[in-house]
Protein chains: 2
Amino acid sequence: MTPQASHSNPFAQVAETDADPLGRIGVRMPFAAGEEIYAQDEEADMVYRVVSGAVRTTRLLSDGRRQIGDFYYPGDLFGLESGTEHRFSAEALGDAVVMVIKRSALSHYGDDGLRMERLIWSATARELQRTQEHLMLLGCKSACEKVAAFLLDIADRAKGELAVLAMGRQDMADYLGMTIETVCRMLRQLQDDGLVEFKGSRRFQLKQRAALSRLVVV
Amino acid sequence: MTPQASHSNPFAQVAETDADPLGRIGVRMPFAAGEEIYAQDEEADMVYRVVSGAVRTTRLLSDGRRQIGDFYYPGDLFGLESGTEHRFSAEALGDAVVMVIKRSALSHYGDDGLRMERLIWSATARELQRTQEHLMLLGCKSACEKVAAFLLDIADRAKGELAVLAMGRQDMADYLGMTIETVCRMLRQLQDDGLVEFKGSRRFQLKQRAALSRLVVV
DNA sequence: CGTTTCTTTGAATCCGGTCAAGGTCCGTGG
DNA sequence: CCACGGACCTTGACCGGATTCAAAGAAACG
């Protein structure tokens with residue numbers, strides 16, 4: 001496992017002193033499993049970057065229904081989903097380390113600050129794209145297609161190796177807009193059809209990538 | 001009906017020579033009902049602003065399923081949903097007039113160009129927020145709640161007056177991630193419960209705003 | 001007006017949700 | 001090392017909300 005920034009493995013670490021200005025600007029903060037990184041409706045002047053572990057953004061409706069916005073892995077920027085205040089909260093999925101940058105302080109960092117600003121904007125644009133993809137998933141896809149798409153997305157980060165889910169079934173369900181039971185049932189179905197194989201509840205391998213991605217209409 | 005930029009009325013016009021730089025930069029283009037403004041997967045160097053009429057952004061899956069990203073009304077910027085190429089296409093809902101700005105040409109416009117750049121970024125941030133709101137709707141809400149939320153959103157633009165739907169039932173359905181039949185049934189239910197009143201299929205008035213917004217959990 | 005397109009309604013069906021039990025994994029302490 | 005407890009995961013049976021299929025009505029258009 002290299003110390004370089006890598007989207008491929010949820011457990012990889014990001015180098016903190018490479019060319020990337022975010023490696024030097026900001027404060028390193030560790031979070032325990034499940035701990036809140038920022039709250040829904042909190043003022044949003046910070047930007048965050050996953051160093052190790054994984055992070056989810058979630059939003060709760062007043063009656064307890066929950067939607068997960070996205071999952072973030074080492075190297076990913078998060079917390080930019082807003083103009084003034086966060087619509088989602090962010091929590092560490094397991095133990096995680098996060099770099100925190102005060103956005104309004106970026107001007108003090110000269111060139112690095114500028115590069116950081118640019119990084120933030122491009123990350124915001126990517127965020128928008130991912131959210132739109134998520135929209136398609138929630139609006140158009142069946143339970144089976146949702147789960148297939150989710151597994152493909154995870155597996156693609158893990159480049160062929162055994163992929164590891166950083167989140168539990170409830171988080172998957174809340175991300176996909178369905179119940180935990182249906183997630184289980186779809187996982188079973190995909191396994192029975194021989195498209196994926198689970199070793200325990202969090203490790204899996206694609207068995208028939210082509211067939212799986214045929215399920216995921218684009 | 002004032003000639004000022006106004007989110008409140010889908011048929012309002014935006015002044016083209018006010019303080020807003022977009023009034024002067026860019027080219028005015030009329031589109032016929034249903035006409036495509038830009039295509040899915042098209043290169044995205046343009047920014048657009050609704051002058052009159054209304055616009056929808058849509059994305060088609062290869063098997064014909066359709067998701068509507070959002071609806072845009074006079075004064076709204078659209079077409080910024082991307083880094084490099086459009087994930088959604090845009091079409092005029094009825095006859096519409098749109099200002100088109102070449103993004104890469106903004107640097108030639110001095111101050112106005114800069115102000116425009118800033119406008120674009122803040123519109124992108126707002127776009128992200130709206131998309132996240134849409135995500136909650138698709139992921140968490142029942143058919144009835146979806147329709148109620150949709151009507152409230154429209155009615156709020158129309159400040160108390162008789163609200164006018166710029167889109168047909170199919171567009172509503174594709175925006176809300178449900179079928180046209182279910183949309184009709186929910187509309188009937190809301191009417192039977194006395195929460196809204198339709199005059200024809202496109203004009204309606206809120207009858208019990210409080211009760212309706214109680215349906216829309218936040 | 002006649003024709004086409006859009007909207008509404010009804011009946012039957014099905015996918016996913018709900019409710020209820022077991023099962024599995026893991027950490028803790030005896 | 002094993003027994004216990006709790007959190008998480010899985011499965012089954014049933015239910016119900018939303019879709020599908022079909023057809024009638026209403027509105028828009030030439």
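The chains referred to below are lettered A, B, ... by the order of the sequence lines, with proteins before strands, and numbering in each begins at 1.
- Each of B:Q170 and A:A143 lies near DNA chain C, and the nucleotide nearest B:Q170 is the one positioned closer to the 5' end.
- Taken residue by residue, residues 57-69 of chain B places no heavy atom nearer than 4.0 Å to DNA chain D.
- Two end axes, each from the C1' atoms of five base pairs, can be drawn for the helix from C:dC1-D:dG30 to C:dG30-D:dC1; they diverge by 40°, to 10 degrees.
- Formation of a donor-acceptor pair under 3.5 Å by the A:E42 side chain with backbone atoms of A:A39 is found in this model.
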Base, backbone or nothing for each nucleotide of nucleotides 24-30 of chain D, written B, S, -, heavy atoms under 4.0 angstrom, 5' to 3'? -------

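- Between A:F88 and A:Y38, the ring center distance fails the sub-6.0 Å criterion.
- Atom CG in A:L187 sits roughly 10 Å away from atom C1' in D:dC9 (whole-Å rounding).
- To the nearest 0.5 Å, the span separating CG on B:L215 from OG on B:S142 amounts to 8.0 Å.
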Intermediate values then yes/no, salt bridge (Lys or Arg N to Asp or Glu O under 4.0 Å), B:D171 and B:R56: CA-CA 9 Å; B:D171 284 340; B:R56 67 165 182 252; 3.0 Å; yes

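- Of the possible donor and acceptor atoms, none in the side chain of A:K207 sits under 3.5 Å from a partner among the backbone N and O of A:G194.
- Between A:K199 and A:E197, at least one side-chain nitrogen of the basic residue sits less than 4.0 Å from a carboxylate oxygen of the acidic one, meeting the salt-bridge criterion.
- Between A:R130 and A:D153 there is a salt bridge, since at least one side-chain N of the basic residue sits less than 4.0 Å from a carboxylate O of the acidic one.
- In summary, A:D174 and A:R66 engage in a salt bridge, as defined by a charged side-chain N under 4.0 Å from a carboxylate O.
- Reading DNA chain C from its 5' end, the first and the last nucleotide to sit under 4.0 Å from a heavy atom of chain A are C:dG16 to C:dC19.
- Of the possible polar contacts, one joining the A:H134 side chain to the A:Y175 backbone as a donor-acceptor pair under 3.5 Å is found.
- Side chain of A:S52 to backbone of A:A96: no donor-acceptor contact under 3.5 angstrom is found.
- Of the residues in residues 176-185 of chain A, those with a non-hydrogen atom less than 4.0 angstrom from any atom of DNA chain D are A:E181, A:C184, A:R185.
- In terms of modelled atom types and a separation under 3.5 Å, the side chain of B:S62 and the main chain of A:V218 share a donor-acceptor contact.
- Residue pairs satisfying the salt bridge (charged side-chain N to carboxylate O under 4.0 Å, His left out) criterion with at least one member in residues 132-144 of chain B, sequence neighbours excluded, are listed as follows: A:R59-B:E133, A:R87-B:E133.
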Given side chain to side chain donor-acceptor pair (under 3.5 Å), test B:T124 with B:E127 step by step and report yes or no. CA-CA 5 Å; B:T124 304; B:E127 182 80 12; over 6 Å; no

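- Using modelled atom types, one side-chain atom of B:D95 and one backbone atom of B:A33 make a donor-acceptor pair closer than 3.5 Å.
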